[in-house]
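Below you'll find the structure, written out as C-alpha cells, and then a few comments.
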Amino acid sequence: MGRLYSILVILLLGACTPYRLVTLNLANQDDYKRFPNKIIEPSDDRWHFSEQRLPSESLYVDMFYGKKRKNIPLEEFLEGSKNIAFLVIQDDKVLFEKYSKGYDAQSLLTSFSISKSFVSALVGIAIQEGAITSDEDPITDYLPQLQERPGFEKIKIKHLLNHTSGIKFNESYVNPFNNDIARYYYGKDLQKTLKKLKIDEEPETSFHYHSANTQLLALVLAEATGESLSDYFESRIWSRIGTTNKALWSTYEKEPLEKAFCCVNAVARDYAKFGKLMAQGGVWEGEQIIPEQWIEESIQLDRTDGGIWGYQNQWIMGLKEYGDFMAQGLYDQYLYVMPRKKIVIVSFNSAHIPKTNWEGRFRQIVDQL
C-alpha cells in the first residue's frame, strides 16, 4: 500500500513545479543546460583587456582566526572557497584571474540575479529612446492584461525597479511547496503563473525584494520596444561593448519569454565589460550606450518612496567613501564596480558560503591597488 501511495504522489506531482524543484535539486550553474535558451550574439568588433598579471601572492585578504588576524594570499583564500571564477581588472588590465572546479575562461557562468541589473540598464535606454515615457508610468499602460486586476494600476515602473510594488511574493529558497520563486524559476508557463499575482500592500509602503518585479519589468520592456528582452539586450548593449563570446538567456518552455530575473549565461571577461561600461558612466569607446543620468540615478545612496538605503534601480550600493556598487546573484555571484580606481571584479561561486563577507573582501583588494 505504501508503495502504491508513493507512485500516486509522484504521478500527481510529476507535472508541477515543486516536484521539478525536488527532482532537479536546487538551482546551480548547469541549469541553463536544462532550459531552452535564446542566443545573444557578441560584438562584431571584439575588444580585449590587456594583461598585467600581479605576482600570485601580491593580493591578499585579511582573515580572522580566532582572535588573531592573518593575511591570506587571495589565491589561497579562493582555493578554500566555493569560488569558480574570480577576475580583477583595473584600468582595462587583467591583474588577477583564477578559475577552478572545471571552469575556465570560456565557461558560461550563470548570472542569477545579476541579470536584474541588466534589465535596469535596458529600462534606462528605453526611456531615453522614448519607448517608455518615464519610470513614473503605471505598468498597466504597457501591460493591458493587468488593467482589470485591482491595485495593479497604482504600480509604477519605478516601484518594480526598487522592489516597492506591494506585490505579494515568496522569494524563499527553502520550502518548495510554499515558494513563488520556484514556480518562476522551474515553471514552464509564465503567463499562467503571472495570473496568480496578488497585491499585498500599497506601493511605496515597504521594500520587498522579489523576482516578480523584474519579470514584470521585462514584460514592460518587450511591450514598449516591440523586441524580445534578449534581442533588445543584444542590440543595445551586448553587441556594442566588445564582447567575444555568445551569451545565453534562459526562457520558459511553453513560450520564448526570458527568465529576466535570473538567467543570463556568459563568460567572466564579458561580464567584466559590462562592469567597465558602468564604471565609465555608460560610455564605450566614446559612444554613450547607457544614459549617464540613468546611471547616476541608479547608483545614488539616498532612498525614498518606501525603498531602502543602499538599493536603487536593481543595483546594490556600496560605501560612500568608496563610491562602489555591485550587482549580486544567488550563491554570491558578484559584478563589483569601483569607478574612482577603474576597478571591476567578477566573482562567481558554485554555492553560498555562510559568513563570507565578499563585499569586504573586494574592498580589501581595492585598498591594495
>> Quick one, Leu219 and Leu194 - any side-chain contact, counting heavy atoms below 4.5 Å?
In response: yes
> Would the Trp315 and Tyr334 ring centres measure less than 6.0 Å apart?
Replying inline: no
> Under 30°, 30 to 60°, or over 60°: which ring-plane class applies to Tyr331 and Phe112, parallel, tilted or perpendicular?
Replying inline: perpendicular
> Would one find more than 12 heavy atoms of other residues, nucleotides or ligands at under 6.0 Å from atom CD of Glu321?
Replying inline: yes
>> Is there a path of hydrophobic side-chain contacts, each under 4.5 Å between heavy atoms, that joins Phe152 and Leu221?
In response: yes
> Any side-chain donor-acceptor pair under 3.5 Å between Lys195 and Gln191?
Replying inline: no
>> Classify the ring geometry of Tyr209 against Phe207: parallel below 30°, tilted from 30° to 60°, perpendicular beyond 60°.
In response: tilted
>> For a side chain to side chain donor-acceptor pair (under 3.5 Å) check, start with the C-alpha distance between Asp270 and Thr243, then their side-chain angles and the critical distance, and finish with the verdict.
In response: CA-CA 5 Å; Asp270 283 345; Thr243 49; 4.9 Å; no
>> side chain to side chain donor-acceptor pair (under 3.5 Å) for Tyr142 and Asp137? Distances and angles first, verdict last.
In response: CA-CA 9 Å; Tyr142 303 90; Asp137 290 352; 2.5 Å; yes
> Quick one: does Gln368's side chain get under 4.5 Å of Tyr60's, heavy atoms only?
Replying inline: yes
> What are the two closest non-hydrogen atoms of Pro203 and Ile155, and how far apart are they?
Replying inline: CG-CG1, 4.1 Å
>> Do the side chains of Glu97 and Arg269 get close enough for a salt bridge, i.e. N-O under 4.0 angstrom?
In response: yes
>> Does the structure place the NZ or CZ of Arg53 under 6.0 Å from the centre of the six-membered ring of Phe96, at an angle of no more than 45° from the ring's axis?
In response: no
> Where do Val283 and Gln280 come nearest, in terms of heavy atoms and distance?
Replying inline: O-NE2, 2.7 Å
> Quick one: do Tyr32 and Ile181 end up in the same hydrophobic cluster if we chain Ile, Leu, Val, Met, Phe, Trp and Tyr together by side-chain heavy atoms under 4.5 Å apart?
Replying inline: no
> Are side-chain N/O atoms of Glu79 and Ser100 paired as donor and acceptor at under 3.5 Å?
Replying inline: no
> Between the side chain of Asp200 and the main-chain N/O of Lys168, is any donor-acceptor distance below 3.5 Å?
Replying inline: no
> Hey, are the side chains of Leu95 and Lys93 touching, using non-hydrogen atoms and a 4.5 Å cut-off?
Replying inline: yes
>> Is it true that Ser347 and Asn83 share a donor-acceptor pair across their side chains at a distance under 3.5 Å?
In response: yes
>> Looking at every heavy atom in both Thr110 and Tyr271, which two are closest together, and how far apart are they?
In response: C-OH, 4.0 Å
> Do Leu277 and Ile289 come close enough that some side-chain heavy atom pair is under 4.5 Å?
Replying inline: yes
> Going by distance alone, is a donor N or O of one side chain under 3.5 Å from an acceptor N or O of the other, for Asn245 and Gln106?
Replying inline: yes
>> Would you say that Phe261 contacts Val119 through its side chain, given a criterion of any heavy-atom pair below 4.5 Å between the two side chains?
In response: no
> Quick one: does NZ or CZ of Lys273 land under 6.0 Å from the six-membered ring centre of Trp47, within 45 degrees of the ring axis?
Replying inline: no
>> Other residues, nucleotides and ligands only: do more than 12 of their heavy atoms fall within 6.0 Å of NZ on Lys341?
In response: yes
> Do Ser81 and Thr356 have side-chain heavy atoms sitting under 4.5 Å apart?
Replying inline: no
> Do Ser107 and Asp104 have a side chain donor and acceptor closer than 3.5 Å?
Replying inline: yes
> Just wondering, more than 12 heavy atoms not from Lys342 lying within 6.0 Å of its NZ?
Replying inline: no
> With a 4.5 Å heavy-atom cut-off, do Glu75 and Leu78 have their side chains touching?
Replying inline: no
> Where do Lys38 and Glu258 land on the salt bridge (Lys or Arg N to Asp or Glu O under 4.0 Å) test, with the steps shown first?
Replying inline: CA-CA 8 Å; Lys38 285 189 175 180; Glu258 296 84 354; 3.3 Å; yes
> Closest approach of Tyr103 and Tyr99, non-hydrogen atoms and distance?
Replying inline: O-CB, 3.0 Å
>> For a quick test of reading the model, state the closest non-hydrogen atom pair linking Ile127 to Thr133 and the distance between them.
In response: CG2-O, 4.0 Å
>> Check for me, please, whether Ile39 and Phe35 land in the same ILVMFWY cluster - side-chain distances under 4.5 Å, paths through other members count.
In response: no
> To the nearest 0.5 Å, what is the distance between CG (Asp141) and CD (Gln147)?
Replying inline: 7.5 Å
>> For Lys156, is there an ion pair with Asp135 - N to carboxylate O distance below 4.0 angstrom?
In response: no
> Are Ile40 and Ile114 connected, step by step, through hydrophobic side chains (Ile, Leu, Val, Met, Phe, Trp, Tyr) whose heavy atoms are closer than 4.5 Å?
Replying inline: yes
>> Check whether Tyr184 forms a cation-pi arrangement with Lys259 (NZ or CZ under 6.0 Å from the six-membered ring centre, at most 45° off the ring normal).
In response: no
> Does atom NZ of Lys154 have more than 12 heavy-atom neighbours, drawn from other residues, nucleotides or ligands, at distances under 6.0 Å?
Replying inline: no
> Should Ile237 and Trp249 be counted in the same cluster of Ile, Leu, Val, Met, Phe, Trp and Tyr side chains packed under 4.5 Å apart?
Replying inline: yes
> Does Glu204 come within less than 4.0 Å of Lys158, counting only side-chain N to carboxylate O?
Replying inline: yes
> For Glu255 and Lys188, what are the C-alpha separation, side-chain angles and deciding distance, and is it a salt bridge (Lys or Arg N to Asp or Glu O under 4.0 Å)?
Replying inline: CA-CA 8 Å; Glu255 51 198 335; Lys188 298 181 179 181; over 6 Å; no
> Does any N or O in the side chain of Ser43 come within less than 3.5 Å of the main-chain N or O of Gly242, such that one atom is a donor and the other an acceptor?
Replying inline: yes
>> Let's go through Tyr311 and His163 carefully: what are the C-alpha distance in whole Å and the side-chain angles of both, what is the deciding distance for ring-ring contact (aromatic ring centres under 6.0 Å, His included) to 0.1 Å, and is it a yes or a no?
In response: CA-CA 9 Å; Tyr311 190 95; His163 297 288; 5.4 Å; yes
> Just checking, is any N or O donor in the side chain of Gln328 or Ser113 under 3.5 Å from an acceptor N or O on the other one?
Replying inline: no
> Passes side chain to side chain donor-acceptor pair (under 3.5 Å), Gln300 versus Glu296? Steps please.
Replying inline: CA-CA 6 Å; Gln300 64 181 356; Glu296 290 176 355; over 6 Å; no
> Does any donor atom in the side chain of Asp324 or Tyr336 lie under 3.5 Å from an acceptor atom in the other side chain?
Replying inline: yes
>> If you apply the rule side chain to side chain donor-acceptor pair (under 3.5 Å), what do you find for Thr214 with Gln314, and how did you get there?
In response: CA-CA 8 Å; Thr214 310; Gln314 313 266 305; 2.8 Å; yes
> For atom NZ of Lys101, is the number of surrounding heavy atoms from other residues, nucleotides or ligands below 6.0 Å larger than 12?
Replying inline: yes
> More than 12 foreign heavy atoms under 6.0 Å from CG of Asp45: is that the case here?
Replying inline: no
> Would Asp367 and Tyr322 count as having a side-chain donor-acceptor pair, cut-off 3.5 Å?
Replying inline: yes
> Does atom CG of Asp44 have more than 12 heavy-atom neighbours, drawn from other residues, nucleotides or ligands, at distances under 6.0 Å?
Replying inline: no
>> Are Ile132 and Val220 packed together at the side-chain level, in the sense that at least one heavy-atom pair is separated by less than 4.5 angstrom?
In response: yes
>> For a quick test of reading the model, state the closest non-hydrogen atom pair linking Leu229 to Ala260 and the distance between them.
In response: CD2-CB, 3.6 Å
> Mind checking whether Phe86 and Phe362 have parallel, tilted or perpendicular rings, split at 30° and 60°?
Replying inline: tilted
> Under a 4.0 Å N-O cut-off, is there an ion pair linking Arg236 with Glu129?
Replying inline: yes
